[in-house]
Amino acid sequence: MKPIYKLGVVGIGKIARDQHLPAIAAQPGFELVACASRNASVEGVRNYQDIDALLAAEPSLDAISLCAPPQVRYAQALAALEAGKHVMLEKPPGASVSEVEALHDIARSRGCTLFASWHSRAASAVEPARAWLASKDAGAIRAVEVRWKEDVRRWHPGQQWIWEPGGLGVFDPGINALSIVTRILPHEIALRAATLTTPSDTSTPIAAELDCIATNGAPVRAVFDWRHGPVEEWAIDVDTDAGRLSIREGGKRLSIAGKDIALGPEREYPALYERFHELIETKQTDVDVRPLRLVADAFLTGRLVETEAFGR
Ligand code: NAP
């Protein structure tokens, strides 16, 4: 029988309620014991104001899942690792690449699991897409185009942290596309140029264009835009010698050379908790910073364009 790990969840907001709590409830390998959130509580478990109170009062916890915004991820993860807990990070795994690398180092030195989760990689189209692109059937990859266009007012109503430093702006959803691209392509990709369009009243971009190149020379272009709606798009097209592979709806649909591919049911967060359990059981870490590094490179090299105030 699989071991059951005692789990605490920190940061009870939209994603914790929509996805984490139901996925944990359905996962027999974890028992939700306690939560920490400044303004929210979860019925049926013990609740604390913050992670320090949680760690102090619950020494028997095995693992912590962090669901607050990225700006507070490092301090929370550090506290959990220093208490000897296994840690799962929501995406993005931190507000900077160096934070995540430091956490990884601490986790390894303490023998704790650190899992930097990328929920979009668990979307049902991703593994079939990766397998086809890795196979001989696909031939060479010629070009990749990403279009991630949505209405920020629909998906992030009232959320201020996305507009603050470390909040990533349009890269908050855009990094999901980058997590898929870096998973499915059989080549590494390097950022060559970027444009970041930022409203005059925010610290983070509302739109971004990234021009990358794969190590086989194929161009990889990504356009992220938060000024769309009601028509939204979460699309990735990969042109190969054998035709076009298209991912739609953020990974819910896949077609290859014009043919729709039948996919399994959507189970992003249940799959993440299965993976977290497996990592703890096998004493491993899983920390892939490549999507965050591409975002960091865009901030490092990008041309900055100011646009009209967002009015947040
Ligand atoms: P959220 O609802 O705005 O924030 C989650 C909770 O974190 C808040 O309710 C708040 O609870 C706590 N929090 C906020 N600021 C904090 C701070 N400065 N210090 C400590 N706690 C703070 O955000 P969310 O949409 O759930 O997103 C959280 C993370 O999940 C982000 O990294 C996001 O990229 C990721 N994610 C979100 C979605 C989505 O659809 N929303 C999807 C996938 C991944 P208290 O006030 O009670 O402390």
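Side-chain atoms are counted along with the backbone in the values below, which use heavy atoms only and exclude waters and symmetry mates. All ligand and atom numbering here is 1-based and tracks the order in the structure. Please read all numbers here as calculations on a predicted model, not as lab measurements.
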Could you tell me the residue and atom name of the protein heavy atom closest to [atom], and the distance to it rounded to 0.1 Å?
atom: atom 18 (N) of ligand 1; value: Val72 CG1, 3.6 Å
atom: atom 2 (O) of ligand 1; value: Lys14 N, 2.9 Å
atom: atom 44 (C) of ligand 1; value: Glu90 OE1, 3.3 Å
atom: atom 8 (C) of ligand 1; value: Gly13 CA, 4.1 Å
atom: atom 28 (C) of ligand 1; value: Cys67 O, 3.2 Å
atom: atom 46 (O) of ligand 1; value: Asn39 ND2, 2.7 Å

Where on [X] is there a heavy atom closer than 4.0 Å to ligand 1, on the side chain, on the backbone, on both, or on neither?
X: Trp161; result: side chain
X: Gln159; result: side chain
X: Ile12; result: backbone
X: Lys91; result: both
X: Arg38; result: both
X: Arg73; result: side chain

Next item on the list: Evaluate the ring pair (Phe, Tyr, Trp, His ring centres under 6.0 Å) criterion for residues His156 and Trp226: first the C-alpha distance (whole Å), next the side-chain angles of each, then the deciding distance (0.1 Å), finally the verdict.
Entry: CA-CA 10 Å; His156 296 275; Trp226 250 347; 5.1 Å; yes
Any salt bridge between [X] and [Y], counting N to O under 4.0 Å?
X: Glu268; Y: Arg121; answer: no
X: Arg275; Y: Asp286; answer: yes
X: Glu274; Y: Arg267; answer: yes
X: Asp151; Y: Arg153; answer: no
X: Arg46; Y: Glu58; answer: yes

Notebook entry, point to check: Step by step, would you call His20 with Tyr273 a ring pair (Phe, Tyr, Trp, His ring centres under 6.0 Å)?
Noted result: CA-CA 9 Å; His20 288 257; Tyr273 278 94; 5.6 Å; yes
Next item on the list: Quick one: pull up CD in Gln159 and CG in Asp172 and give me the separation to the nearest 0.5 Å.
Entry: 7.5 Å
Item checked: Element-labelled atoms of ligand 1 that are located less than 4.0 Å from some non-hydrogen atom of Pro70 -> 32 (O)
Check: For ligand 1, which atoms, with element, lie under 4.0 Å from some heavy atom of Ala40?
Finding: 47 (O)
Tell me whether ligand 1 is touched by [X] - counting only heavy atoms on the residue side and a distance under 4.0 Å.
X: Pro92; result: yes
X: Arg17; result: no
X: Tyr269; result: yes

Check: Out of Pro69, Ala68, Ala75, Pro173, whose heavy atom sits nearest atom 14 (C) of ligand 1?
Finding: Pro69
Check: When you measure from atom 39 (C) of ligand 1 to each heavy atom in Val10, Ile15, Asp172, which option holds the nearest one?
Finding: Ile15
Next item on the list: Indicate the ring-plane relationship of Phe171 and Phe299, choosing parallel, tilted or perpendicular according to the 30° and 60° boundaries.
Entry: tilted
Item checked: Worked verdict on Glu150 versus Trp234 for side chain to side chain donor-acceptor pair (under 3.5 Å) -> CA-CA 8 Å; Glu150 59 183 52; Trp234 298 274; 2.6 Å; yes
Next item on the list: Would you please name every residue forming a ring-ring contact (aromatic ring centres under 6.0 Å, His included) with His277, sequence neighbours left out?
Entry: Tyr5, Phe30
Next item on the list: For the pair Thr202 (side chain) and Thr204 (backbone), establish whether a donor and an acceptor sit closer than 3.5 Å, ignoring hydrogens and angles.
Entry: yes
Notebook entry, point to check: Does an N or O from Ser37, backbone or side chain, lie closer than 3.5 Å to an N or O of ligand 1?
Noted result: yes
